[in-house]
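These notes are about the structure you will find just below.
Labels below follow one simple rule: chain letters A, B, ... track the order of the sequence lines, proteins then strands, and each chain is numbered from 1. Here the structure is a predicted model, which is why all the values come from computation and not from measurement.
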Protein chains: 2
Amino acid sequence: MAAAIELADRDGIESISMRKLAQELGVEAMSLYTHVRNKADLLDGLADAVIGQIPTSTDGADWKASLRQIVFAARGVVLRHPWAPRAVQAQTAPGPAALHYINAVIGILREGGFSIAQTHHALHILGSRVLGFTQDLFDDSGDLEPEAAASLASALGQSHPYAVEMALAVTHAGTLGPCDDDAEFEFALEFILDGLARLQQS
Amino acid sequence: MAAAIELADRDGIESISMRKLAQELGVEAMSLYTHVRNKADLLDGLADAVIGQIPTSTDGADWKASLRQIVFAARGVVLRHPWAPRAVQAQTAPGPAALHYINAVIGILREGGFSIAQTHHALHILGSRVLGFTQDLFDDSGDLEPEAAASLASALGQSHPYAVEMALAVTHAGTLGPCDDDAEFEFALEFILDGLARLQQS
DNA sequence: CTTGTCGTCTTTACATCGTAAGGTTAACCC
DNA sequence: GGGTTAACCTTACGATGTAAAGACGACAAG
């Protein structure tokens with residue numbers, strides 16, 4: 001398992017094959033099947049192993065602080081293992097670590113005074129963000145060069161003015177500066193936490 | 001392309017192979033490479049084709065109504081093609097349809113009075129929801145039988161009380177009833193739209 | 001009518017993949 | 001010491017993506 005994580009960190013998750021992982025361990029491919037039912041099982045284990053790395057202990061004063069703390073911890077793990085979102089998404093069933101984690105999250109909300117229904121809604125609103133990542137429409141974190149920006153503007157400016165305006169604003173020279181994913185994640189999380197607080201009071 | 005969509009609808013997206021798709025078209029596998037650079041290119045095309053099915057015209061009175069309308073339209077398409085989220089996520093670069101769509105979404109917000117910075121934040125908050133789907137932690141839409149629920153409660157009730165409480169509440173017999181994904185999606189969207197309205201005013 | 005170009009489709013081939021079936025080996029218990 | 005068991009190995013099969021080279025018809029230029 002540890003070897004698989006190391007391999008995924010180095011070469012990406014889609015380059016994990018039974019043969020390569022076995023080679024990493026100085027062993028033949030088929031030997032892995034004594035410890036794992038099949039490849040899907042292995043990947044499920046991988047996903048659960050990453051989730052297991054998230055510390056679930058919280059010392060937050062209230063539910064908001066605790067939730068923020070646990071989600072940031074999750075994000076830290078995800079940033080260390082960029083393949084984690086893929087692995088989690090491919091998961092067929094939640095493993096023990098996932099169960100432990102989700103139990104901790106639900107616990108924070110319930111102890112914080114959320115009803116079951118409110119907690120359920122909160123989980124759906126948070127979605128994968130509670131695990132430290134989000135699926136965006138496209139990657140806007142890459143900073144494109146001025147020349148590329150110019151050609152983009154002239155090529156698509158007519159047909160897609162709003163998209164181009166936004167793309168240009170997010171460049172290094174644009175009005176917003178390059179997109180800071182961490183800051184955006186934090187902003188979105190805070191946005192949702194505030195909304196949840198309002199939801200709870202109503 | 002149409003044949004690929006049909007095949008994906010029928011057998012799921014991971015069962016799309018060059019040979020099977022070719023067979024569907026009464027042709028050999030290698031013939032596809034005259035029309036497509038490689039398989040990744042094909043899947044990108046698939047993703048863009050689904051996005052292209054989303055109507056981008058809106059007759060909403062304000063930005064909120066328009067955004068709601070376009071997102072629900074997107075959700076309709078996604079529900080018709082359950083493999084769409086996977087395809088969109090695997091996309092390497094946004095295609096023309098994706099560009100057109102994102103331009104429409106940004107346009108709604110900008111015309112609705114959102115600044116560029118606010119619009120940028122909104123996109124990150126909405127994430128994939130703007131395309132009609134969300135990545136959840138786990139699938140809670142399946143309704144489990146009473147016996148399974150009982151064994152679950154006795155097996156994990158001690159170690160994971162909050163998770164079990166939630167799982168039981170979401171069964172048919174539970175206090176919340178079975179999870180209605182559509183209702184949850186709508187609730188979460190409305191939650192975010194309300195938050196965005198507040199964001200705009202501040 | 002011939003000749004050459006071009007777009008489409010085919011054939012063959014190769015490396016890589018997951019894994020089924022069966023065999024070997026070393027540790028350990030009675 | 002015979003039997004059990006867990007870990008590992010060898011061989012093999014079918015499926016996959018795609019590189020390389022060719023076949024065949026349509027069509028424009030000579």
- Message: Less than 4.0 angstrom from a charged side-chain N to a carboxylate O is my criterion; do Arg80(B) and Asp9(B) meet it?
- Response: no
- Rounded to the nearest 0.5 angstrom, the CG-CG distance for Leu21(A) and Leu46(A) is 8.5 Å
- Test item: Ile116(B) and Met166(A) side chains (from C-beta on) under 4.5 Å apart, heavy atoms: yes
- Under a 4.0 Å heavy-atom criterion, the protein footprint on nucleotides 9-19 of chain C, written with B, S and -, is SBBB----BBB
- Apply side-chain contact (heavy atoms from CB on, under 4.5 Å) to Leu137(A) and Val105(B), showing your working. CA-CA 11 Å; Leu137(A) 286 89; Val105(B) 171; 5.9 Å; no
- Mind checking whether Trp83(B) and His81(B) have parallel, tilted or perpendicular rings, split at 30° and 60°? tilted
